[in-house]
Amino acid sequence: MLYLSAADVERAIGEDHAIFVEALEAALRAQAAGDVVQPLKPYLRRPERPHPTDRIIAMPAYVGGDVRLSGMKWIGSAHDNQRTRGLPRASAVIVLNDADSAYPLALMDGSVVSAWRTAAVSALACRFLAPAGRRLAVLGTGLLARTHLSLLRASWGRPDGVDVYDIAPGHGEAFARWAEEKHDLTVTVHDDPAACLRDADVVLAVTTAPESWIPAEWVPRGSLFLNISLADPMPDVVLTSDKIVVDCYEQVMRPGKLLHSMAEQGTFGPNRCHADLSDLVTGSRPGRETPEETIFFNPVGQAIGDIACAAAVYRRALGQGVGIHLER
Ligand SMILES: NC(=O)c1ccc[n+]([C@@H]2O[C@H](COP(=O)([O-])OP(=O)(O)OC[C@H]3O[C@@H](n4cnc5c(N)ncnc54)[C@H](O)[C@@H]3O)[C@@H](O)[C@H]2O)c1
């Protein structure tokens, strides 16, 4: 069994983060063809840690097509890791299993793969749903904001402008310094979240806020809203959108998710959901059709994406001789 640490995963990928978009696309095509198995994820939560992002999630899947591997991501999260422990919010391991023997082939750090997989989902969404303009507003400037800016810049295009807002003092400024050094991008840091969104073509919500707080009146008409976090947008953001696209309807409708709670209140249902991301990739449903459309995209994370991305890393690491072979 090949073991890949986070550093090994980074070494195998280098700067070629586009492999995650390709791997994700392969997984979504396999999904559209009915060639995946993806059980609903169990959430391990403890009553004494009620924050919505405090949990460990088991995400098993089989992905067919060219990927042809099974596996599972086991991802833990604590919203206060950085502030109280000096650790990143999320940690994960991924196990890849042979599709036929079911034997484990690889064990790798999953936090790097997970962060890039999530950005790859948004990069694909931008391909089909973003308007022509490229002004990006980012709410929350943690790890996900960084992988998103990097991958959107590489696969969607260099933003015309980047506006950010973060509730924690200094986080927005640190992100701006990183974006300048890493990507030669000038970032405007806002104290007022409404001002941050005012001119946005694409809004990226990646905070750890426990409750919804962004009203529809802040969201520009004709924009694409990428709701990656658990909360952030208020229900009226969904209600005033012309199209609602998700990664997987079945997973989005789990208790605790925004669209599920709206369905409980009778304000959301399957007829309001325009498409799954796999429908856009295969062309069975259209993406953006007019510049005026306001589009809401809500991915909650699919294991098939993690397994396909981890498979791409594993195959690349094998080819490069990266990692350590462990005896069973
Ligand atoms: N949909 C998916 O597939 C998926 C996958 C991975 C992570 N996520 C979600 O993405 C979010 C971000 O993850 P991360 O790893 O970047 O977290 P992080 O802890 O690294 O960063 C979160 C940032 O949000 C800021 N923040 C918190 N509350 C805020 C508020 N009310 N307004 C503005 N900023 C606020 C924090 O100060 C911090 O800088 C989490 O909610 C996580 O659950 C979703």
Side-chain angles (χ1 to χ4, degrees), residues 20 24 27 38 41 43 45 51-57 59 61 73 75-92 94 110-125 137-151 163-176 178 187 189-197 203-215 218 225-234 245-248 251-252 254 256-259 277 296-306 309:
F20 293 116
L24 179 73
Q38 182 172 245
K41 9 177 174 171
Y43 289 79
R45 294 187 190 281
H51 192 283
T53 63
D54 289 5
R55 73 270 156 129
I56 314 180
I57 317 174
M59 299 176 66
K73 179 173 80 170
I75 179 158
S77 163
H79 76 284
D80 55 353
N81 263 353
Q82 194 176 22
R83 185 169 41 82
T84 63
R85 301 175 190 88
L87 293 169
R89 177 192 61 80
S91 58
I94 296 175
S111 58
V112 178
V113 170
S114 189
W116 288 105
R117 173 280 263 164
T118 308
V121 170
S122 296
L124 268 187
V138 183
L139 301 161
T141 54
L143 176 64
L144 267 285
R146 284 169 168 71
T147 55
H148 269 80
L149 187 62
S150 300
L151 205 46
D163 298 275
V164 302
Y165 167 76
D166 197 295
I167 202 167
H171 282 208
E173 289 75 8
F175 181 83
W178 168 84
V187 170
V189 182
H190 295 264
D191 292 332
D192 172 9
C196 177
L197 265 62
V203 177
L204 171 66
V206 277
T207 83
T208 42
E211 279 163 17
S212 300
W213 59 284
I214 302 168
W218 293 359
F225 194 112
L226 301 169
N227 177 207
I228 308 307
S229 45
L230 284 175
D232 287 333
M234 296 175 76
V245 178
V246 300
D247 55 352
C248 173
Q251 304 266 6
V252 166
R254 303 287 300 281
K257 309 288 182 197
L258 173 68
L259 297 182
L277 191 53
F296 181 77
F297 178 60
N298 185 203
V300 295
Q302 294 205 84
I304 57 167
D306 294 302
C309 288

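Values below: all heavy atoms of this structure, side chains included; hydrogens, waters and symmetry mates excluded. Each ligand, and each atom within it, is numbered from 1 in the order the structure gives.
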Do the side chains of Leu139 and Trp218 get nearer than 4.5 Å, heavy atoms only? no

With side chains defined as the heavy atoms from C-beta onward, is the minimum distance between Ser229 and Thr208 less than 4.5 Å? no

Can you name the nearest heavy-atom pair linking Asp54 to His79, along with the distance? OD1-N, 2.7 Å

What are the two closest heavy atoms between Val113 and Cys309, and how far apart are they? CG1-CB, 3.8 Å

Could you tell me whether the side chain of Asp306 and the main chain of Lys73 form a donor-acceptor pair under 3.5 Å? no

Does the side chain to side chain contact (heavy atoms under 4.5 Å, CB included) test come out yes or no for Leu230 and Lys257, once each step is laid out? CA-CA 7 Å; Leu230 284 175; Lys257 309 288 182 197; 3.9 Å; yes

Enumerate the atoms of ligand 1 whose separation from the nearest heavy atom of [X] is less than 4.0 angstrom.
{"X": "Arg117", "result": "3 (O)"}
{"X": "Gly301", "result": "3 (O)"}
{"X": "Tyr165", "result": "32 (N), 33 (C)"}
{"X": "Ala168", "result": "37 (O)"}

Is His171 close to ligand 1, meaning an N/O of one under 3.5 Å from an N/O of the other? yes

How far is [atom] from its nearest protein heavy atom, and which residue and atom name does that atom have?
{"atom": "atom 40 (C) of ligand 1", "answer": "Thr207 O, 3.4 Å"}
{"atom": "atom 34 (N) of ligand 1", "answer": "Ile167 N, 3.2 Å"}
{"atom": "atom 27 (C) of ligand 1", "answer": "Thr208 OG1, 3.3 Å"}
{"atom": "atom 44 (C) of ligand 1", "answer": "Ile228 O, 3.1 Å"}
{"atom": "atom 5 (C) of ligand 1", "answer": "Thr118 OG1, 3.3 Å"}
{"atom": "atom 18 (P) of ligand 1", "answer": "Gly142 CA, 4.0 Å"}
{"atom": "atom 17 (O) of ligand 1", "answer": "Arg89 NE, 3.2 Å"}
{"atom": "atom 16 (O) of ligand 1", "answer": "Leu144 N, 2.9 Å"}

Within the structure, is a non-hydrogen atom of Ala90 found at a distance of less than 4.0 Å from ligand 1? no

Just go through Asn227, Asp166, Leu143 and tell me whose heavy atom is the nearest to atom 39 (O) of ligand 1. Asp166

Heavy-atom proximity to atom 12 (C) of ligand 1 ranks first, among Val138, Leu204, Val206, for Val206

Part of Val121 within contact of ligand 1 (heavy atoms, under 4.0 Å): neither

Of the backbone atoms (N, CA, C, O) and the side-chain heavy atoms from C-beta on, which set of Ala209 has a member under 4.0 Å from an atom of ligand 1: side chain, backbone, both, or neither? both

Rounded distance (nearest 0.5 Å) linking atom [atom1] of [X] with atom [atom2] of [Y]:
{"X": "Thr141", "Y": "Ile167", "atom1": "OG1", "atom2": "CD1", "value": "11.5 Å"}
{"X": "His148", "Y": "Leu143", "atom1": "NE2", "atom2": "CG", "value": "10.5 Å"}
{"X": "Leu226", "Y": "Thr118", "atom1": "CG", "atom2": "OG1", "value": "12.0 Å"}
{"X": "Leu149", "Y": "Leu144", "atom1": "CG", "atom2": "CG", "value": "12.5 Å"}

Neighbour count above 12 (heavy atom, 6.0 Å) for Asp192 CG: yes

